[in-house]
Amino acid sequence: MTAATYQYVDLPDASVVTTRALLTARENIADTVAARAMMCIHGGAGFGKTLAVNTCLRALEPADEDVRKITFRARPTARAVRYELFTALDLAGEPPRHPSEFDRLLKTALAERPRTFLVDEAQWLNGEAFEYFRYLWDEPSTQLAIIFVGGAGCHTVLRREPMLSSRVFIWQQFTRLTPDEVLEVIPLFHPVWADASPEDITFADQHAAHGNFRAWAQLTAHTRTALARTGRPRVDQELLRWAFSRLA
């Protein structure tokens, strides 16, 4: 898988590594899709939620499953959710003008075949938007699985909506990599770290990355630059301090 999959930086030679969180997500997503249920994956920024979900869905997607991704960047109304779904489903023609007609169109489309919605950046959703997803999912004719992925705000809003929260099949929280996980997975993440000493990897995590995959990707990009410019064969703490100086 290419480095672009990491979505943080353009990082040649990076690999997707199998963390405990990713393995758990793979099982949880498979069970959610099989049950035509709803799931919430939540956690801090940069912990690898979206990457894990995208990776798992590609690996688990059966031949008859239609996976559609929806991403929100601002707090949408139910009307905005309808239009996003219309676009995500590639429906023909113009969107209906009246909500009841729009709802019938979406329900008809969702009843045609099994579908999975990946709703990313779900921390932007408010109660009204979440309720609309529940409304579609509750329709007996739809064959819908929904995976909400978002920050802590996603979990908070969902928990405040009893009608929706009670229908969430699986909750999974992504957290920082532990120090032991860092030593296990970072050497597999990029060749820069493959022959680095455990002490230097721990030093980098304690001073810059803090168990956050996004921070590790950024640090790796700067470390690659430092190695290329200095001609040094491997990472050392002097080189890492230069890389740290480029980070906030």
Side-chain angles (χ1 to χ4, degrees), residues 1 3-9 11 14-33 37-60 67 69-76 116-127 129-130 133-134 145-161 164-186 188-190 201 204-206 208-220 247-248:
M1 190 167 296
T5 307
Y6 274 91
Q7 301 174 355
Y8 313 138
V9 291
L11 190 56
S15 299
V16 175
V17 290
T18 305
T19 63
R20 283 193 285 272
L22 190 147
L23 287 173
T24 300
R26 183 178 297 164
E27 293 180 354
N28 289 341
I29 291 170
D31 291 344
T32 298
V33 171
M38 290 191 286
M39 171 181 180
C40 175
I41 292 181
H42 60 99
F47 289 176
K49 302 180 298 297
T50 299
L51 172 67
V53 173
N54 285 330
T55 301
C56 293
L57 284 174
R58 279 194 294 272
L60 296 171
V67 178
K69 181 175 179 180
I70 305 165
T71 303
F72 294 100
R73 301 296 181 187
R75 299 196 181 280
T116 294
F117 284 153
L118 165 56
V119 184
D120 202 7
E121 302 294 346
Q123 69 272 10
W124 287 108
L125 299 182
N126 54 24
F130 276 124
F133 279 107
R134 183 201 66 80
I146 305 176
I147 301 166
F148 295 110
V149 182
C154 169
H155 175 268
T156 301
V157 175
L158 274 171
R159 283 296 193 189
R160 283 203 303 259
E161 302 291 330
L164 185 58
S165 178
S166 65
R167 287 165 169 77
V168 174
F169 186 55
I170 296 174
W171 302 83
Q172 182 180 349
Q173 181 179 14
F174 269 61
T175 59
R176 298 179 187 277
L177 296 173
T178 67
D180 286 343
E181 285 181 298
V182 167
L183 290 176
E184 179 183 351
V185 305
I186 293 304
L188 304 175
F189 168 54
H190 196 277
I201 292 174
D205 193 56
Q206 290 176 342
H210 310 296
N212 184 302
F213 249 121
R214 182 173 302 172
W216 268 109
Q218 293 170 340
L219 177 62
T220 302
L247 301 172

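Numbers here are sequence positions counted from 1.
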J.: Look up atom CH2 in Trp124 and atom CZ in Phe72, then write down how far apart they are to the nearest 0.5 Å.
T.: 12.5 Å
J.: With a 4.5 Å limit on heavy-atom distance, are the side chains of Leu11 and Phe189 in contact?
T.: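 With C-beta onward as the side chain, the pair touches.
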J.: I would like to know whether Glu27 and Leu23 meet side-chain contact (heavy atoms from CB on, under 4.5 Å); could you show each step before the answer?
T.: CA-CA 7 Å; Glu27 293 180 354; Leu23 287 173; over 6 Å; no
J.: Measuring from atom OG1 of Thr24 to atom CD of Gln172, what distance do you get when rounded to the nearest 0.5 angstrom?
T.: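 Interatomic distance, Thr24 OG1 to Gln172 CD, rounded to 0.5 Å: 5.5 Å.
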J.: Report yes if the side chains of Asp205 and Trp216 come closer than 4.5 Å at any heavy-atom pair, otherwise no.
T.: yes
J.: Check Ala21 against Phe174 and note the closest heavy-atom contact, atom names and distance.
T.: CB-CE2, 3.7 Å
J.: Hey, are the side chains of Phe148 and Leu125 touching, using non-hydrogen atoms and a 4.5 Å cut-off?
T.: yes
J.: Decide yes or no for Asn212 and Gln218: does some side-chain heavy atom of the first lie under 4.5 Å from some side-chain heavy atom of the second?
T.: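 Not in contact.
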J.: Can you tell me how far apart NE2 (His155) and CD (Gln173) are? Round to the nearest 0.5 Å.
T.: 7.0 Å
J.: Show, in sequence, the C-alpha distance, side-chain angles and deciding distance for Val119 and Phe133, and conclude whether the side-chain contact (heavy atoms from CB on, under 4.5 Å) test is met.
T.: CA-CA 10 Å; Val119 184; Phe133 279 107; 3.9 Å; yes
J.: Can you measure from NE2 (His210) to CG (Leu219) and round to the nearest 0.5 angstrom?
T.: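 If I round to the nearest 0.5 Å, the distance is 10.0 Å.
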J.: Arg20 versus Thr178: any side-chain heavy-atom pair under 4.5 Å?
T.: yes
J.: Of the non-hydrogen atoms in Ala215 and Ala209, which two are nearest, and what is the gap between them?
T.: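 Scanning both residues, the minimum pair turns out to be CB-O, 3.6 Å.
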J.: Nearest heavy-atom pair of Gly127 and Val157: which atoms, and what distance?
T.: N-CG1, 4.0 Å
J.: Of all the heavy-atom pairs spanning Val17 and Leu22, show the shortest one and how long it is.
T.: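 Looking at all heavy atoms of both residues, the closest pair is O-CD1, 3.9 Å.
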J.: Hey, could you give me the CD1/OG1 distance between Ile186 and Thr220, rounded to the nearest 0.5 Å?
T.: 6.5 Å
J.: Could you report the tightest heavy-atom contact between Leu158 and Trp171, atom names first, then the distance?
T.: CB-CH2, 3.7 Å
J.: Where do Ile147 and Leu57 land on the side-chain contact (heavy atoms from CB on, under 4.5 Å) test, with the steps shown first?
T.: CA-CA 10 Å; Ile147 301 166; Leu57 284 174; 4.0 Å; yes
J.: State which residues pass salt bridge (Lys or Arg N to Asp or Glu O under 4.0 Å) with Arg75; sequence neighbours excluded, sorted by chain then number.
T.: none
J.: So, taking the atom named CG in Asp120 and the one named SG in Cys154, what distance separates them when rounded to the nearest 0.5 Å?
T.: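 Answer rounded to 0.5 Å: 10.0 Å.
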J.: Evaluate the side-chain contact (heavy atoms from CB on, under 4.5 Å) criterion for residues Thr116 and Ile29: first the C-alpha distance (whole Å), next the side-chain angles of each, then the deciding distance (0.1 Å), finally the verdict.
T.: CA-CA 10 Å; Thr116 294; Ile29 291 170; over 6 Å; no
J.: Lys49 side chain to Gly43 main-chain N or O, any donor-acceptor pair under 3.5 Å?
T.: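 Confirmed, Lys49 side chain pairs with Gly43 backbone.
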J.: Could you tell me which non-hydrogen atom of His42 sits nearest to which non-hydrogen atom of Gly151, and how far apart they are?
T.: CB-O, 3.9 Å
J.: Could you check if a side-chain atom of Asn54 sits within less than 4.5 angstrom of a side-chain atom of Leu118, using non-hydrogen atoms only?
T.: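 In short, these two side chains touch, coming nearer than 4.5 Å.
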J.: Applying side chain to side chain donor-acceptor pair (under 3.5 Å), can you list everything that pairs with Gln123, at least two apart in sequence or on another chain?
T.: Glu121
